[in-house]
Amino acid sequence: MINFQDPTMFAAARAHVSSWRWRMGVGTLFAVGASFVLDSFAVGFGWFLAVAVSNGFDAMLGQSYLETRGQSERRTSGAMFVWGCAFSIAIFSAMTLYLAAYGGGPGRVLSALMAASALVSVMLFLFQAPGFMLITAAPATLCLLAMAFMPFQPGPADALMGAIGAACGAAGFFAYVIRAALYNGRMVTGLKEAHRQAKERALESEAKRAEAEEANRAKSEFLAVMTHELRTPLNAVIGYAEIINEDLVAEGRTELADDANKITGSARHLLGLIDQILNLSSIDAGQESLAPRDLDVRKLIEDAVNAVQDDARANGNRVSLRVSAGADRAYTDGAKLSVCLSALLSNAVKFTSNGLIAVTADCEVVDGRDCLSISVSDTGVGIAGADLARVFMPFTQLDSSSTRAAGGMGLGLSIAQRIAVALGGELKVVSELGSGSTFTLVVPSRLHATDAVRAAA
């Protein structure tokens, strides 16, 4: 079935319409040849008129098809155009059969050249649309097949006139062949040029990609070095602030001790932000090498919960913990798992007030592998369905007043997701606005070398 909305069909119609004068010129040459072979100027002129009318008719239908814009109107005009082309080629093929039947030997030669020229014309101007080409090539093909079964009889023209008529047919056929060769030559040249340009673009794209990767690696290495350098003086600030706080408490100067405690809290908050940047830059720089070991899952979760317990109480939250039987041991990278879990707990505490934060650890089988599943659920503000796709994007915070009030750089969940992938697992989220969220970390219970290779890739 022909698709009249297909651009290749438009290209075929445009080529057919633009070649109208060329086809008329070669058709005139064939009509002259027929006049010599049949020894009748009237017959040749009549065939010329038939060719002119039929070719002009299908060219007009083709132009109408190209100018039509509506879908149903284009389908109708396209069908009319195909019918017009098939009709004009059928008339042309009927002329060749008449020549083969009554033109003798020269007529048989001229008719074969005309039918072959019709096939070349179809393949030259209509090859962009295979279905259209098959329909229009059918009459000329049937004509060539029918010639083999037609009885042979002498023609009315003498040897000289027959030779001139056959020569006209040969000239028309070679005109089509030469044009097809030139057209194919231009097409091959164009394909070679397009291939060369595509290869150059691919090389340029590869070079730019390598430059971008190198720039990204340099950026990540710079961030890693910078954050390490910032941690040293910041740890000193925290240490001295704690010493001052202890001294002031011992002296009973509670107001100044509270100020020193605020310095410690702000410094620790800044240290946490620096740690997030360090983790992100290490992952981007490809430095997230895995160090799996036997791990006490319950103790790791308890340590992570204890780290956020003060902030949870400050927001009026309760934290519950449940570790199912069989989920208390794992063989994985404990440091990275701890960072991931801390990010999930920090996110839950930040967006929950006077609520419950539940941490559960279970065993489950995923794709035939034993996996450790750790879920962190909260009764906080929740996430709208439209925003779920953005929660793991780095440096992104959801556009709501509660999110802006909570602060942060929007790196925690992004880092947690990347670490989950590095551990051979995944991080999933289920949430509803106003009803809280559940983040589920699923990682293999035993981290194998294949998981590390996949994470590195």
Side-chain angles (χ1 to χ4, degrees), residues 235 238 242 261 264-265 267-269 271-276 278-279 288 290-364 366 370-380 406 408 411-431 436-447:
N235 283 323
I238 293 173
E242 289 177 344
N261 194 41
T264 303
R268 290 191 181 280
H269 176 69
L271 185 62
L273 297 179
I274 292 174
D275 285 339
Q276 286 187 340
L278 179 60
N279 287 327
E288 69 281 11
L290 301 177
R293 59 181 175 84
D294 286 322
L295 182 67
D296 186 339
V297 176
R298 179 181 292 275
K299 186 177 185 306
L300 182 142
I301 297 177
E302 288 176 349
D303 291 342
V305 169
N306 290 333
V308 299
Q309 196 68 260
D310 292 340
D311 291 336
R313 291 195 188 98
N315 286 345
N317 297 317
R318 294 182 297 108
V319 182
S320 67
L321 171 62
R322 182 183 67 83
V323 180
S324 65
D328 54 349
R329 306 296 302 182
Y331 181 79
T332 187
D333 191 318
K336 285 185 169 51
L337 186 62
S338 177
V339 171
C340 185
L341 183 58
S342 296
L344 297 181
L345 285 169
S346 176
N347 182 76
V349 169
K350 185 186 301 183
F351 296 105
T352 306
S353 298
N354 300 316
L356 173 66
I357 298 172
V359 184
T360 59
D362 291 305
C363 290
E364 62 179 69
V366 179
D370 292 331
C371 292
L372 172 66
S373 174
I374 302 177
S375 297
V376 178
S377 301
D378 62 67
T379 58
L411 285 176
L413 294 179
S414 175
I415 292 173
Q417 185 197 42
R418 297 190 187 195
I419 290 178
V421 174
L423 294 175
E426 61 177 338
L427 180 59
K428 300 177 289 187
V429 58
V430 176
S431 183
S437 306
T438 298
F439 288 86
T440 304
L441 172 65
V442 181
V443 296
S445 297
R446 296 193 61 82
L447 184 63

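Being a predicted model, the structure only gives us computed values, none of them experimental. Basis for what follows: all heavy atoms, side chains included, without hydrogens, waters or symmetry-related copies.
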message: Does Leu441 form a side chain to side chain contact (heavy atoms under 4.5 Å, CB included) with Leu423? I'd like the steps, not just the answer.
response: CA-CA 10 Å; Leu441 172 65; Leu423 294 175; 5.7 Å; no
task: For the pair Ser375 and Thr440, evaluate side-chain hydrogen bond (donor to acceptor under 3.5 Å, both in side chains) and give the outcome as yes or no after the intermediate values.
output: CA-CA 4 Å; Ser375 297; Thr440 304; 3.2 Å; yes
- request: Test Val297 against Leu372 for side chain to side chain contact (heavy atoms under 4.5 Å, CB included), laying out the working first.
  value: CA-CA 9 Å; Val297 176; Leu372 172 66; 4.0 Å; yes
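Counting heavy atoms of neighbouring residues, nucleotides and ligands inside a 6.0 Å radius, atom CZ of Arg318 does not exceed 12 of them.
At least one donor-acceptor pair under 3.5 Å links the side chain of Ser342 to the backbone N or O of Ser338. Although no hydrogens or angles enter the test, the distance criterion places a donor-acceptor pair under 3.5 Å between the side chain of Ser431 and the main chain of Gly436. In terms of modelled atom types and a separation under 3.5 Å, the side chain of Asn317 and the main chain of Gly355 share a donor-acceptor contact.
Closest approach of Lys336 and Ile419 over heavy atoms only: O-CG2, 3.4 Å. For Thr379 against Leu356, the heavy-atom pair with the smallest separation is OG1-N, 3.0 Å. Of all heavy-atom pairs between Cys363 and Gly326, the closest is SG-O, 3.0 Å. Between Pro444 and Gly425, the shortest heavy-atom distance links the atoms CD-N, 4.1 Å. Between Thr332 and Leu295, the shortest heavy-atom contact is CG2-CD2, 3.9 Å.
Checked against Leu344 for a side chain to side chain contact (heavy atoms under 4.5 Å, CB included), the options Val359, Leu413, Asp378, Val349 give a single hit: Leu413. Of the options Ile374, Leu427, Val366, a side chain to side chain contact (heavy atoms under 4.5 Å, CB included) to Val442 is made by Val366 and by none of the others.
Applying the side chain to side chain contact (heavy atoms under 4.5 Å, CB included) rule to Ser353 yields no partners; only residues at least two apart in sequence or on another chain are considered. In this view, Val430 satisfies the side chain to side chain contact (heavy atoms under 4.5 Å, CB included) rule with no residue, not counting sequence neighbours. Partners of Glu426 according to the side-chain hydrogen bond (donor to acceptor under 3.5 Å, both in side chains) rule, which considers only residues two or more places apart in sequence or in another chain, do not exist here. Scored by the side-chain hydrogen bond (donor to acceptor under 3.5 Å, both in side chains) test, Thr360 finds no partners at all (sequence neighbours excluded). Every residue was checked against the side-chain hydrogen bond (donor to acceptor under 3.5 Å, both in side chains) condition with Thr352, not counting sequence neighbours, and none meets it.
Note that the CZ atom of Arg293 and the OH atom of Tyr331 stand 10.5 Å from one another [nearest 0.5 Å]. To the nearest 0.5 Å, atoms CG (Leu341) and CG (Leu345) are separated by 4.5 Å. How far SG of Cys340 is from CD of Gln417: 9.5 Å, rounded to the nearest 0.5 Å. Between atom CD of residue Glu364 and atom CG of residue Asp370 there is a gap of 10.5 Å, rounded to the nearest 0.5 Å. With rounding to the nearest 0.5 angstrom, the CG atom of Asp328 is 12.5 Å from the CG atom of Leu300.
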Show me the side-chain donor-acceptor pairs of residues 302-312 shorter than 3.5 Å, one per line, residues at least two apart or across chains.
from, atom 1, to, atom 2, distance (Å)
Asp303, OD2, Lys299, NZ, 3.1
Asn306, ND2, Glu302, O, 3.1

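Looking at Val323 and Leu321, their side chains come closer than 4.5 Å, going by heavy atoms from C-beta outward.
Ser324 and Asp362 share a donor-acceptor pair across their side chains, judged by distance under 3.5 Å alone.
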